[in-house]
J.: 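The following block contains the structure, expressed as structure tokens.
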Protein chains: 2
Amino acid sequence: MTEPSTSTTRTVDALRELILRGELQPGERLAEVDLATRLGVSRTPVRSALTQLASEGLVDIAPNRGARVVTWTVQELEDVFDLRTTLEPRAAALAAGNATAGDTAELADLAERMVGVGSPGPRQDLDVLAELNRQFHDRLSTLAGNSALAGALSGAVHAPIVLRNFHTYDVASLRRSLAHHVEIVAAIRAGDAVWAEAVMTAHMRNARAVMVTAAQAAEPDAPDRSTDRA
Amino acid sequence: MTEPSTSTTRTVDALRELILRGELQPGERLAEVDLATRLGVSRTPVRSALTQLASEGLVDIAPNRGARVVTWTVQELEDVFDLRTTLEPRAAALAAGNATAGDTAELADLAERMVGVGSPGPRQDLDVLAELNRQFHDRLSTLAGNSALAGALSGAVHAPIVLRNFHTYDVASLRRSLAHHVEIVAAIRAGDAVWAEAVMTAHMRNARAVMVTAAQAAEPDAPDRSTDRA
DNA sequence: TGTCGGCCGATTGTGTGCAATCCTCGGCGG
DNA sequence: CCGCCGAGGATTGCACACAATCGGCCGACA
């Protein structure tokens with residue numbers, strides 16, 4: 001069942017990694033020959049990879065004008081969070097009805113480790129936290145048992161800023177976020193879909209509030225924003 | 001703002017049209033040279049188009065084994081409808097808060113024409129109805145003003161069977177469906193997001209009931225897919 | 001007779017060349 | 001001084017050629 005590895009698939013993975021890690025910054029021009037020499041392949045798999053990443057929503061391609069890493073406006077970021085606020089609670093509710101004891105244990109383990117590396121102090125590591133968070137939500141998405149829902153979610157979460165966002169959390173929001181994961185596990189263990197859905201909704205709204213604030217701070221010249229610096 | 005027309009984009013549109021119209025049937029093999037000669041281009045834009053359609057979810061590509069039109073199991077169909085039941089009501093609610101009088105008039109016109117061509121009788125034309133229905137939901141999705149939501153929805157609606165489904169409606173369900181559209185317009189005109197959301201939810205559940213029944217009838221030997229994992 | 005192994009046609013994956021298009025920069029006119 | 005216009009360089013879009021891989025057929029052997 002292992003996906004055969006072709007130059008194209010490797011190029012896709014490499015580019016996605018570069019973009020998600022931020023080594024290719026939003027708005028940056030992606031010249032085909034440049035990437036090709038950099039990755040040691042010809043232009044053909046690079047082109048193929050770019051079109052694929054384009055439909056994943058990671059790059060924008062304008063005919064005859066090349067590809068660029070997607071840039072996110074505050075509006076689009078809010079849109080993504082609104083979408084996630086619609087989808088993730090549904091996934092949590094479905095997961096609450098499907099999870100076995102083993103599944104719940106896995107989620108509990110993840111949530112516990114997140115508290116470990118996420119709590120303020122010397123052992124805090126926000127990059128590890130981000131990875132665990134991704135695993136947690138992925139696991140939940142899979143547990144929901146709806147492939148279409150999972151696909152829609154994975155498309156929405158790709159926004160690089162979403163994946164590397166814990167650095168922007170203030171202490172109170174971060175504590176809430178960690179507590180949410182633990183509570184979601186509790187709701188799922190209890191098989192309570194309504195409870196899981198409600199906590200996940202709160203989780204998303206909390207994340208959205210942090211995110212939007214950070215994005216506005218990062219775009220100080222953003223037009224027409226009533227709340228700005230103090 | 002018009003997208004420049006390249007061979008690749010034309011090929012994408014042509015293939016999508018062929019698949020959605022059913023001229024390329026689910027499971028059918030898509031040989032590159034065959035499509036290339038058929039569309040009068042070389043293999044390069046065809047390959048590019050296929051990868052793009054693959055990430056739109058219309059074709060499956062297996063490395064070294066070519067592309068096929070996607071096939072839909074009953075389970076996946078139910079998943080798509082569950083997803084739409086999550087997304088469309090949200091879109092309707094957002095649209096209710098955004099629609100201008102002009103928007104409402106357009107939607108009302110569409111709904112009225114749908115009643116015209118959808119009602120049983122000599123003037124019934126289910127293919128036109130399907131097209132109007134697509135326009136109606138597209139319009140609503142745009143009115144919601146959330147590009148991420150619109151993207152997720154367009155991905156979910158692509159299932160060919162979803163677009164050509166009115167032929168499977170029984171009379172009562174079809175009447176309900178037509179009435180739903182009219183009622184959604186009324187809710188939007190009133191700016192009542194809760195109302196719009198509720199009617200849309202009913203609309204989706206009605207459609208799902210028809211669809212699943214039809215699909216099960218078409219796949220009488222479908223085994224219990226409860227443990228399906230893709 | 002059933003199964004295994006290797007050959008061969010067909011199809012996809014990749015590299016490269018050429019034409020078309022776009023962006024930049026310098027020159028000219030208002 | 002500013003804006004328009006055209007030439008040149010650079011980059012993408014497309015086509016074709018070659019290499020790699022897959023699936024099926026046929027024959028040999030147990």
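In what follows, chains carry the letters A, B, and so on, assigned in the order in which the sequence lines appear, proteins first and then strands, with residues in each chain numbered from 1. Worth saying up front: this structure is predicted, and the values here are computed from it rather than measured.
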J.: Strictly by modelled atom types, are B:Asp170 and B:Ser173 linked by a side-chain donor-acceptor pair under 3.5 Å?
T.: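 Judged by distance alone, the side chains do pair up.
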J.: Quick one: B:Arg47 CZ to C:dT12 P, roughly how many Å, whole number?
T.: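 Computing the B:Arg47:CZ to C:dT12:P distance gives 8 Å.
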J.: By nearest atom, which of the nucleotides C:dG13, C:dC23, D:dA15 is closest to the B:Thr44 side chain?
T.: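 Shortest atom-to-atom distance from the side chain points to D:dA15.
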J.: For B:Arg139, give me all partners under salt bridge (charged side-chain N to carboxylate O under 4.0 Å, His left out), at least two apart in sequence or on another chain.
T.: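 With neighbours one apart ignored, the set is B:Asp103, B:Glu106.
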J.: Indicate whether OP1 or OP2 belonging to C:dT14 is found under 4.0 Å from a side-chain N or O atom of A:Thr8.
T.: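 So the side-chain polar atoms of A:Thr8 do come within 4.0 Å of the phosphate oxygens OP1 or OP2 of C:dT14, strictly under.
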J.: Test salt bridge (charged side-chain N to carboxylate O under 4.0 Å, His left out) on B:Arg47 and B:Glu32 and set out the steps.
T.: CA-CA 7 Å; B:Arg47 283 183 66 77; B:Glu32 295 177 358; 2.7 Å; yes
J.: Between A:His137 and A:His181, what is the ring plane arrangement, given parallel below 30°, perpendicular above 60°, and tilted in between?
T.: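 Perpendicular.
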J.: Just the rounded figure in Å: distance from P of C:dT14 to CZ of A:Arg10.
T.: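 Taking CZ of A:Arg10 and P of C:dT14, I get 8 Å after rounding.
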J.: For the residue pair B:Ser7 and B:Arg10, confirm or rule out a side-chain donor-acceptor distance under 3.5 Å.
T.: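 Per modelled atom types, B:Ser7 and B:Arg10 side chains form a pair under 3.5 Å.
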J.: Does C:dT21 have OP1 or OP2 under 4.0 Å away from a side-chain N or O of A:Arg65?
T.: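 A:Arg65 to C:dT21 OP1/OP2: no side-chain N or O under 4.0 Å.
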J.: B:Gln52 CD to D:dG13 P: how many Å, rounded?
T.: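 For the pair B:Gln52 CD and D:dG13 P, the rounded distance is 12 Å.
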J.: Near DNA chain D, which residues from residues 28-42 of chain A have a heavy atom under 4.0 Å away?
T.: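 Contacting residues: A:Arg29, A:Leu30, A:Ala31, A:Glu32.
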J.: What is the distance, rounded to the nearest whole Å, between atom CZ of B:Arg43 and atom P of D:dG13?
T.: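 From B:Arg43 CZ to D:dG13 P: 18 Å.
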J.: What is the distance from CG of A:Asn64 to P of C:dA20, rounded to the nearest Å?
T.: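 Checked: the CG to P distance equals 12 Å.
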J.: Side chains of residues 50-59 of chain B: which donor-acceptor partners sit under 3.5 Å, not counting sequence neighbours?
T.:
unit_1: B:Thr51; atom_1: OG1; unit_2: A:Thr51; atom_2: OG1; d: 3.3
unit_1: B:Thr51; atom_1: OG1; unit_2: B:Ser48; atom_2: O; d: 2.8
unit_1: B:Ser55; atom_1: OG; unit_2: A:Ser55; atom_2: OG; d: 2.4
unit_1: B:Ser55; atom_1: OG; unit_2: B:Thr51; atom_2: O; d: 3.1
unit_1: B:Ser55; atom_1: OG; unit_2: B:Gln52; atom_2: O; d: 3.0
unit_1: B:Glu56; atom_1: OE1; unit_2: B:Arg16; atom_2: NH1; d: 2.5
unit_1: B:Glu56; atom_1: OE2; unit_2: B:Arg16; atom_2: NH1; d: 2.7

